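In this chain, residues are counted from 1 in sequence order. Counting convention: from 1, in listed order, for ligands and their atoms alike. Everything quoted here is computed from the prediction, not taken from an experiment.
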Amino acid sequence: MSLQADLQSRLVSALQVAGIDESLAVVTPATDARFGDYQTNAAMVAAKALKKNPREVAASILSNLRVEDLSEAPTVAGAGFINFKVLDAALSGALNGLRADERLGVMPVAVPKTIIIDFSSPNVAKRMHVGHIRSTILGDSLARIARYLGHCVVTDNHIGDWGTQFGKVIHGWKHLLNRDALEQAPIAELVRLYREVNAAEENDPALKETVRQELVNLQQGDPENLEIWKQAVGLSWKEFERLYGLLDITFDERLGESFYNDALAPLVDRLLGEGIAEQSEGAVCVFFRGSPELEEKPCLIRKSDGGFLYATTDLATLEYRETRWKPDAVWYVTGAPQQLHFEQVFATARRMGVTTDLRHIAFGSILGEDRKMMKTRSGENVELGGLLAEAIERALTVVAEKNPDLPKEEQEKVARIIGLGAVKYADLMQHRLTDYVFSWDKMLSFQGNTAPYLQNAYVRIRSIFRKAEAEGISTVAAPIVIADPAERALGLQILQFGEVLHTVQDDQRPNLLCLYLYELADCFHKFYEACPVLKSEGEVRLSRLTLAGVTADVLREGLSLLGIGVPERM
Ligand code: ARG
């Protein structure tokens with residue numbers, strides 16, 4: 001049990017004896033270190049309900065609270081906060097427990113859930129745009145964290161492989177294809193075909209009709225068109241896979257939209273039969289009469305020309321997932337502009353009897369330095385592959401400058417870790433709903449709340465250990481003994497690792513983990529300035545080395561939950 005949890009359970013007992021609702025027993029880290037390390041507002045909340053004086057309620061709680069072995073005598077401050085200042089010995093004990101725990105003090109959840117995380121989901125024959133980039137980075141981190149906490153996570157890449165773009169792609173493939181270009185840069189060539197046909201179609205109604213027919217043929221199973229489609233999907237996948245490989249991201253499922261194609265017509269018929277959907281001017285819709293938000297916004301599931309829609313596929317996908325995985329929750333990681341779509345899909349799903357916790361994990365946009373949607377100079381969507389290549393290249397310049405003696409090969413390896421980490425961290429450190437300005441200089445800086453800053457803190461610790469080994473100093477982990485205030489601050493921050501991941505999970509906000517790690521690195525630097533490590537001696541030196549070692553473990557683990565690696569030197 002963590003120190004915080006231990007204090008909390010003692011508080012539960014005290015509230016029980018005092019006849020106060022024990023659900024009020026919530027202990028959190030102190031907001032102001034001057035008053036203590038942990039605090040609870042239980043007395044204030046209870047006093048309000050009981051219409052009593054909060055300080056009196058606090059006194060009656062304290063008279064029943066047994067925490068002598070953990071904390072100095074708790075004090076009451078302000079409007080009735082109860083504060084705890086943890087004993088050095090208790091803090092040392094908790095840290096030694098954490099050091100020996102390979103989960104670093106993170107308790108798995110009591111009730112593991114099956115959570116499907118639908119993320120990345122780019123569209124075939126198109127480039128991933130910034131929306132996909134954010135979804136990819138955010139979804140992966142959420143999956144890692146949920147798994148670490150013991151949930152059963154299924155990651156599913158719901159790629160758009162059955163859209164109307166294929167009419168154009170197929171026509172282009174038949175008439176304009178450059179095989180060499182396709183070999184070398186498949187998505188670029190597919191995008192070119194799409195664009196050329198799209199432009200040619202504009203003033204050519206006959207061509208438009210031909211293209212439409214190609215799509216209809218594909219949908220009706222024409223073997224030649226199906227073959228072209230298959231190749232286009234395969235080639236796009238190859239390139240997506242390359243990017244996922246670079247980013248160290250994997251999926252358990254990759255069932256694209258096409259997988260659900262055969263389920264669409266029967267689904268719509270069934271919804272009509274059950275009275276959930278209705279005919280409306282030749283189309284089929286689900287109406288939400290009486291709903292304040294969706295009254296005016298029916299969910300269209302079949303167009304009057306018989307075509308199906310994005311929402312139809314999502315409903316079929318959900319039905320499949322319900323049967324296949326019996327999930328407790330499904331998280332859809334897509335941009336905020338899809339909010340209405342998911343509200344409609346979720347509302348329809350409720351009508352269909354789905355009770356699963358469905359969540360749209362929305363996020364904001366990435367902006368260019370001009371504060372408008374990030375685009376390339378020619379006004380196109382920024383392409384993920386190019387972005388990552390540039391990140392690595394820029395990181396290489398930084399690494400070569402800072403560490404010219406590192407062998408070239410290692411410089412490149414380190415640059416990959418730093419460059420990719422910087423891009424991921426710049427995204428994850430923001431509250432997901434805020435738009436943020438993409439800035440190479442900021443994200444690659446070794447100062448401030450950045451990945452390189454955190455990686456550098458880790459590297460610094462590793463170099464202390466290398467130096468110790470070179471000087472013949474023992475680095476075998478030893479009991480941590482807390483004495484100095486900087487050690488205390490670092491120790492308390494380390495202990496928070498066990499709490500922060502649960503908070504991140506509760507509302508899907510990896511930015512809280514980023515902030516935690518940033519503060520951890522900061523505590524470490526302060527500790528390192530105040531407390532000599534290698535220059536101290538005996539048990540103090542061993543204790544400080546061990547404390548530094550645990551800090552490195554938490555940094556490495558925390559960063560890995562963001563999908564970010566650490567180099568050994570940089
Ligand atoms: N392919 C879609 C897009 O690019 C995202 C799909 C998200 N997942 C879902 N089940 N709708 O916008």
Check whether any N or O atom of His341, backbone or side chain, sits under 3.5 Å from an N or O atom of ligand 1, and answer yes or no.
no
Pick whichever of Val330, Asn157, Asp156, Asp314 has a heavy atom sitting closest to atom 9 (C) of ligand 1.
Asp314
Under the 3.5 angstrom rule, does the side chain of Trp229 hit a backbone N or O of Asp161 as a donor-acceptor pair?
yes
Between Arg321 and ligand 1, does any nitrogen or oxygen pair lie at a separation below 3.5 Å?
no
Thr334 heavy atoms, cut-off 4.0 Å: which ligand 1 atoms fall inside?
7 (C)
Could you tell me if any non-hydrogen atom of His129 lies under 4.0 Å from any atom of ligand 1?
no
For atom 1 (N) of ligand 1, which of the options Ile159, Asn123, Thr313 provides the nearest non-hydrogen atom?
Asn123
Judged by non-hydrogen atoms, does Thr317 sit under 4.0 Å from ligand 1?
no
The atoms of ligand 1 lying under 4.0 Å from a heavy atom of Tyr332, numbered in the order shown, are 10 (N)
Within 45 degrees of the axis of the six-membered ring of Tyr148 and under 6.0 Å from its centre: does Arg103 put its NZ or CZ there?
yes
Validate the cation-pi geometry between Arg289 and Phe287: distance from NZ or CZ to the six-membered ring centre under 6.0 Å, angle to the ring axis within 45°.
yes
For atom 3 (C) of ligand 1, what is the closest protein heavy atom, and at what distance to 0.1 Å?
His132 NE2, 3.7 Å
Atom 12 (O) of ligand 1 [closest protein heavy-atom partner, distance rounded to 0.1 Å]:
Gln338 NE2, 2.9 Å
Of all pairs that satisfy ring-ring contact (aromatic ring centres under 6.0 Å, His included), the ones with a partner from residues 294-316, not counting sequence neighbours:
Tyr310-His341
Among all protein heavy atoms, pick the one closest to atom 8 (N) of ligand 1 and tell me residue, atom and distance.
Asp118 OD1, 3.0 Å
Closest protein heavy atom to atom 5 (C) of ligand 1, given as residue, atom name and distance to 0.1 Å:
Tyr310 OH, 3.4 Å
Donor-acceptor contact present, side-chain Lys424 to main-chain Gly419, <3.5 Å:
no
Please confirm whether Phe342 approaches ligand 1 to less than 4.0 Å, judged on its heavy atoms.
yes
Where ligand 1 meets His158 - atom numbers and elements under 4.0 angstrom, heavy-atom basis:
8 (N), 9 (C), 10 (N)
Checking the side chain of Thr312 only, and the main-chain atoms of Ile301 only, is there a donor and an acceptor separated by less than 3.5 Å?
yes
Assert yes or no for the condition that the ring centre distance of Phe119 to Tyr332 is strictly below 6.0 Å.
no
Identify which one of Leu387, Val437, Asp435 satisfies the side-chain contact (heavy atoms from CB on, under 4.5 Å) criterion when paired with Met374.
Leu387
Sequence neighbours excluded - ring-ring contact (aromatic ring centres under 6.0 Å, His included) pairs with any residue from residues 356-378
Phe342-His360
